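Working notes, structure below.
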Amino acid sequence: MTLADGTRVAPTGVRVRTLSNGDSLLIMRLNQGLNRQIRKMCDKVGLTILSLKRVAEGGLKLGDLKSGQYRPLTAKEVDSLNNSCARRK
């Protein structure tokens with residue numbers, strides 16, 4: 001997909017679930033993660049976003065953490081993040 005500003009974005013995995021109220025829930029997996037990428041992609045195809053929730057970043061998953069909560073990362077998680085950042089350079 002090419003965004004309105006001319007930026008080409010990598011393919012995104014999308015699953016669609018229809019909710020009981022008739023709204024659709026899109027579950028997206030980004031490979032690129034540009035600034036406001038999901039909002040821009042949805043805008044281009046005429047979709048209205050009611051809310052966004054990030055559930056994972058790299059190998060880290062949100063799990064049961066509520067808004068404002070945090071937990072220490074394990075050494076393995078830190079290594080994984082460092083390795084993924086090194087691959088992007």
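The figures here come from the full heavy-atom set of this structure, side chains too, leaving out hydrogens, waters and symmetry mates. What you see is a predicted model, and the numbers here were worked out from it, not measured in a lab.
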_Under the criterion side-chain contact (heavy atoms from CB on, under 4.5 Å), I'd like the reasoning laid out for Gln37 against Thr7: C-alpha separation, chi angles, the key distance, then a yes or no._
CA-CA 10 Å; Gln37 180 177 348; Thr7 304; over 6 Å; no
Got a list of side-chain donor-acceptor pairs under 3.5 Å for residues 15-30, not counting sequence neighbours?
residue : atom : partner : partner atom : Å
Asn21   : OD1  : Asp23   : N            : 2.9
Asn21   : ND2  : Asp23   : OD2          : 3.3

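- Atom CZ of Arg71 has more than 12 heavy atoms from other residues, nucleotides or ligands within 6.0 Å.
- In this structure, the separation between NZ on Lys76 and CG on Leu81 is 12.5 Å, given to the nearest 0.5 Å.
- Clustering ILVMFWY residues whenever any of their side-chain heavy atoms sit less than 4.5 angstrom apart, transitively, puts Leu73 in a cluster other than the one holding Val55.
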*Could you walk me through whether Met41 and Leu3 pass the side-chain contact (heavy atoms from CB on, under 4.5 Å) check?*
CA-CA 7 Å; Met41 289 169 46; Leu3 301 176; 3.9 Å; yes
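- Between the Lys44 side chain and the Thr2 main chain, a donor and an acceptor come within less than 3.5 Å of each other.
- A side chain to side chain contact (heavy atoms under 4.5 Å, CB included) with Leu62 is found for one member of Glu57, Arg54, Lys53 and no other, namely Lys53.
- The cluster map of Ile, Leu, Val, Met, Phe, Trp and Tyr, joined by side-chain heavy atoms under 4.5 Å apart, puts Val45 and Ile38 in the same cluster.
- Here NZ of Lys40 is found 13.0 Å from CE of Met1. Values are rounded to the nearest 0.5 Å.
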